[in-house]
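Sequence lines set the chain letters: A, B, ... in the order given, protein chains first and strands last, and positions in each chain run from 1. Worth saying up front: this structure is predicted, and the values here are computed from it rather than measured.
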Amino acid sequence: MEKDASLKKPAGKPGLPASYLPASVEPALCDRWEKDKLYYYDPSRPRNDTFVVDTPPPTVSGELHIGHVFSYVQTDIITRYQRMLGKNVFYPMGWDDNGLPTERRVQNLFGVRCSPALPYIPGFKPAGGKAGLRDYEQVSRRNFLELCSLQTLEDEKKYEALWRRLGLSVDWRQNYSTVGEYCRKTSQLSFLDLHQKGYMYSTEAPTLWDTTFKTAVAQAEAEDREVSGFFHDIKFGVEDGGEFTISTTRPELLAACVAVVAHPEDSRYKPLFGKRAVTPLFKARVPIMPSEHANPEKGTGIMMICTFGDIADVELWRKEKLPLRQIIGRDGKLSPVDFACGPFDSADPAAANAAYAQLAGLYAKQARAKTGKLLSEAGVLAGEPKPTRQAVKFYEKGELPLEFVSSRQWFINVLDNKPQLLEQGGKAAWHPGYMFKRYEQWVKGLNQDWCISRQRYFGVPFPVWYPVKDNGDTDFSKPIISEAERLPVDPQTDCPPGYTEARRGLPGGFVGDPDVMDTWATSSLTPMISSRWADDKARHAGLFPADLRPQAHEIIRTWAFYTIAKAWMHENSIPWHNVAISGWVVSPDKGKMSKSKGKTVSPEALLGLYSADALRYWAGKAKLGQDTVYDESVFKVGMRLATKLFNAAKFTMLQLSGPAAGARLGAADITEPLDKAWVDHLKALVETSREDFGNYDYAAVLLYVEKAFWDFCDTYLELVKNRAYSGKPQAARSACASLEWTLSVFLRLFAPFLPFITEEAWGWSCTAALKAPSVHKAPWPSAAEMSSAAGDQRVLEVTRKVLEAVRTHKAAEKRSVKWPVAKLTVECGHLQAAALKLSLDDLIAAGNVDRAGLSVQETGADDKDPVVVVELGSA
RNA sequence: GGGUGGUUAGCUCAGCGGUAGAGCGCUGUCCUCACACGACAGAUGUCACAGGUUCAAAUCCUGUACCACCCACCA
């Protein structure tokens, strides 16, 4: 790779480095930007001048991967553009260290478990090492939180270093951690406000329940997975004689059967409506009812309703006010029940209890097999179970199917507010626009309120206590809500107003709410967390709503939706004006990179192999919303572009160091027609870039800026370099003025994408001209900077074409580019000829043409390419 | 079953009514005051398929197939 040193000529202006070494240049610039406080937000400037980013707080669970690099760089590109428009940019970073991933990580690293009832031990240090699975040390919630902070601090340092190294223009003073005291306070304050406004309620209700983690989960956290199962055809009796067969994949729920339904128009079962069916094994008498939900085409057309097989069961159970026969416990096992009393019914309680005794204590899956056996033995199983594939709901982080379990949970009422939430979502501008459809579809399809309580230990506790009645029962109807001033509180260790700690858990005393909030309950507040809604109203007013929410598409239904809901409920506002949805990085076989292969390619390694600018180039090439295949060859292209920029900038500086060196050049100096045409061409480009960036289409800008830049190097720079360096004074000044502006324009246009090389080159030259010590604070280029320079594009076009023809001829003759041209004849239209005559000197120099052998003839047509005849000279 | 996006050169993608484009890769040539991590030139395509609208369709409309994702289905 290393080129032959003997071929390398010493070149360039003295003082400028000979070759570009991003590995040393980039980190040095990171340090300088920090020292210069380049990305600091200025709270004294008005909201109108401010651009506020609601940065996604990455989950702190170990490693950032290439997918993170991709999307965060895209946000940074947008942000850097806004800064160059003169905006006071508010670009914070948060750490999402409040979730299950952190909890598990800390448990394993320190060998501890959180046990909220334990008292806090100041200065606690874990016994150390990784404990065996069974002997975790129990620690208080506060101690657990401290350990989390300890660990996440390490991770966060690593994350921050990577973000800085990538050139993210974050103001690192605006930093938050979702597990930190301030975020806990904000989350609890949000609870108080929503409770007061009536959006927050608690109720005992069937809820999606994960039996592995033993917690409720929200609809948004559930996902479908295809699993194999078996249809069991089970014969049911009818109370006054007769029988029918239902087909089910969940025979273990037979004991939880509360009704049987068939379609109202199904003639096979119409006569049965109003009668009672008798379940096999348990002899429970359940009503046979008509329901639209039953599909006559499916199975046998008649189905059992259990508490609870799925959401349809829940709905029917509610509508018909059926009894609750909960047999699946919170641990996923069948709980003991008694058919002789309570909600359970049986015509033969002794037999029912005997049958059930063989199932109690088994996990649902075991019970399924066992029930099949029992049914078979009882002779009520019609035929062998038939295999089938079915979609079953799982918690996205879990491995066992979700169950519906009735339990007391806190909910936020979203179902009653769908129209308003749809309207709010529509007020934000979505980029790309079609992503709004996903939001719309999700909101329309919601069928459960947002369950925000989790039966976990690690997380933000509810600032709530309950009185304990004299009989020892908890009185959930009279929650004691904390005062706002006390937040954050932990009801497991803090005491409610009017009570003393001694009364905890006693009749006539109180208990703390044992649950913690879903992490989304906190992260849905990110724009209000960074604006300091909870403790600084003036600052909040200056930063809320934000301008931009960048995020990925798979969390539209969670993060975007919840944030929109909370902003509306709290502030009657949208949370942000724009949503930019980034795509995914996919591996060449189209799998999701961030979940598989991507983790093996660490961003740090790639930075070492290529450069930050190279990685950023790759991210900048991808449009918002569009998945991108991981392709290292694009890094190489980015690398090459940065090197080319380095060399072109250096070379341009060399031209400027000729006779016109030091002169203050401006639009008035641009007198040559070719220069005017070039500048005009750039002016159009610059204006288009504003429009595209305004539409968040940065990828389009990079595409044509890159193209224009290579064209500049290959054509315009080649044409004018001789004149600039050694031409007649006025002509040289014209070229230099144009080159100086051109360089400053390209450095600025590339700055959001390639912040390092552009800053480096900017430092060589452009400081004085634009009075901006950093390209990243320089104004985005505008046509107005060169308003007086306007020229005929034809000059540039016809000159380019003739030069191309000369080069093609030399290539065909296997001659070098500088080989002399003895005779050059150009036939073209008279407008083209007139234009060409204005740039002949440049053409002669660039093509090494003998002036005496040059002739331009007006014999062609202006709408056709000129006909060029080349005769080479001898060396 | 509903929705969204995609299908263009070997690969990765741009173009989204007016003669098919770029980069990578490939072939050949060339060291020009920067850059060989360069320059110049060249080969490479029924723009998924079928209909329709239009003077004109890769581009607009309808349908089909395939890929990806989101949602629903869960007896």
Side-chain angles (χ1 to χ4, degrees), chain A residues 1 3-4 7-9 11-13 16 18-20 223-224 226-227 229 231-232 246-250 253 260-262 293-295 298-306 309-313 388-393 401 432 434-438 440-442 444-445 447 553-554 556-557 583-584 586 588 590-592 621-623 625-631 633-634 636-637 639-655 658 699-700 703-704 706-707 710 713-714 717-718 721-722 725-726 804 806-819 846 848:
Chain A
M1 282 300 269
K3 68 179 178 181
D4 187 348
L7 290 175
K8 194 169 184 176
K9 296 175 205 159
K13 187 179 168 184
L16 292 187
S19 58
Y20 183 46
E223 63 182 27
D224 287 355
E226 183 141 301
V227 298
F231 276 118
H232 294 70
I246 64 120
S247 195
T248 179
T249 54
R250 298 204 62 185
L253 290 178
V260 166
V261 299
H293 176 62
N295 179 353
K298 228 170 165 183
T300 56
I302 189 159
M303 60 192 286
M304 61 176 186
I305 299 297
C306 307
D310 61 28
I311 185 78
D313 286 351
T388 177
R389 299 291 294 170
Q390 55 176 167
V392 173
K393 282 216 183 302
Y434 58 74
M435 287 295 178
F436 176 59
K437 290 260 179 186
R438 293 206 183 190
E440 214 174 10
Q441 227 207 330
W442 173 254
K444 284 180 178 166
N447 55 30
H553 46 70
E554 82 276 18
I556 289 175
R557 63 176 178 165
W584 283 343
V586 295
K590 309 282 178 193
K592 192 183 173 187
K621 285 291 257 193
K623 292 191 289 196
Q626 192 143 84
D627 294 352
T628 289
V629 174
Y630 176 79
D631 180 1
S633 71
V634 182
K636 290 184 189 153
V637 177
M639 192 81 171
R640 194 142 49 209
L641 174 60
T643 307
K644 186 77 174 176
L645 256 168
F646 172 90
N647 284 306
K650 196 172 65 167
F651 187 58
T652 304
M653 294 304 301
L654 178 69
Q655 307 314 313
L703 196 72
Y704 55 67
E706 189 185 4
K707 188 168 182 282
W710 288 94
C713 294
D714 299 339
L717 188 52
E718 290 295 324
K721 63 186 185 185
N722 298 287
Y725 197 62
S726 54
E804 267 168 18
V806 169
R807 284 169 171 170
T808 305
H809 189 81
K810 287 179 179 175
E813 297 291 316
K814 304 188 180 184
R815 297 301 188 191
S816 77
V817 184
K818 68 168 182 189
W819 196 270
N848 195 14

Report task. Sort out the partner of B:A41 for me: Watson-Crick or G-U wobble, both distances under 3.5 Å, none otherwise. Result -> B:U27
**Report entry** Nucleotide opposite B:C60 in a Watson-Crick or G-U pair, distances under 3.5 Å
**Finding:** B:G52
Query raised in the report: Just wondering, do A:Thr248 and A:Met303 contact through their side chains at under 4.5 Å, heavy atoms?
Result: no
Query raised in the report: What is the base-pairing partner of B:U12, counting Watson-Crick and G-U wobble geometry with both distances under 3.5 Å?
Result: B:A22
Report task. Determine the Euclidean distance between corresponding C1' atoms of B:G6 and B:A43; express it in Å to zero decimal places. Result -> 29 Å
Requested in this report: Would you give the length of the straight line joining atom NZ of A:Lys437 to atom NZ of A:Lys444, rounded to the nearest 0.5 angstrom?
Outcome: 7.5 Å
Query raised in the report: How far does NZ of A:Lys818 sit from NZ of A:Lys810, to the nearest 0.5 angstrom?
Result: 10.5 Å
Query - Side chain of A:Asn722 - closest among B:C70, B:G23, B:C33 - result: B:C33
Report summary line: On RNA chain B, more 5' by nearest nucleotide between A:Gly299 and A:Lys810 is A:Lys810
Query raised in the report: Can you tell me the Watson-Crick or wobble partner of B:G17, both distances under 3.5 angstrom?
Result: none
Query - 5' precedence on RNA chain B between A:Gly625 and A:Thr808 (nearest-nucleotide basis) - result: A:Gly625
Requested in this report: Give A:Asn848 one of three labels, base, sugar-phosphate or nothing, depending on what nucleic acid heavy atoms sit under 4.0 Å from its own.
Outcome: nothing
Query raised in the report: Using a cut-off of less than 4.0 Å, is there contact between a side-chain N or O of A:Lys650 and OP1 or OP2 of B:A34?
Result: no
Query raised in the report: Is B:U46 in the syn range, within 90° of 0, or in the anti range?
Result: syn
Report summary line: Across every strand shown, the nucleotide meeting Watson-Crick or G-U wobble geometry with B:C35 (both distances under 3.5 Å) is none
Query raised in the report: Starting at NZ of A:Lys623 and ending at P of B:A22, how long is that distance when rounded to a whole Å?
Result: 18 Å
Query raised in the report: If we take the P atom in both B:C61 and B:G25, what is their distance in whole Å?
Result: 37 Å
Report task. Pick base, sugar-phosphate or nothing for A:Cys713, based on heavy-atom distances below 4.0 Å to the nucleic acid. Result -> base
Query raised in the report: Which whole number of Å gives the distance between the P atom of B:U59 and that of B:A9?
Result: 15 Å
Query - Distance, C1' atom - from B:A57 to B:U8, rounded to whole angstrom - result: 14 Å
Requested in this report: Provide the distance between the two P atoms, one in B:U27 and one in B:A34, to the nearest whole Å.
Outcome: 27 Å
Query raised in the report: B:G3 and B:U53: how far apart are their P atoms, nearest whole angstrom?
Result: 26 Å
Requested in this report: Searching all strands shown, indicate the nucleotide that pairs with B:C69 (Watson-Crick or G-U wobble; both distances under 3.5 Å).
Outcome: B:G3
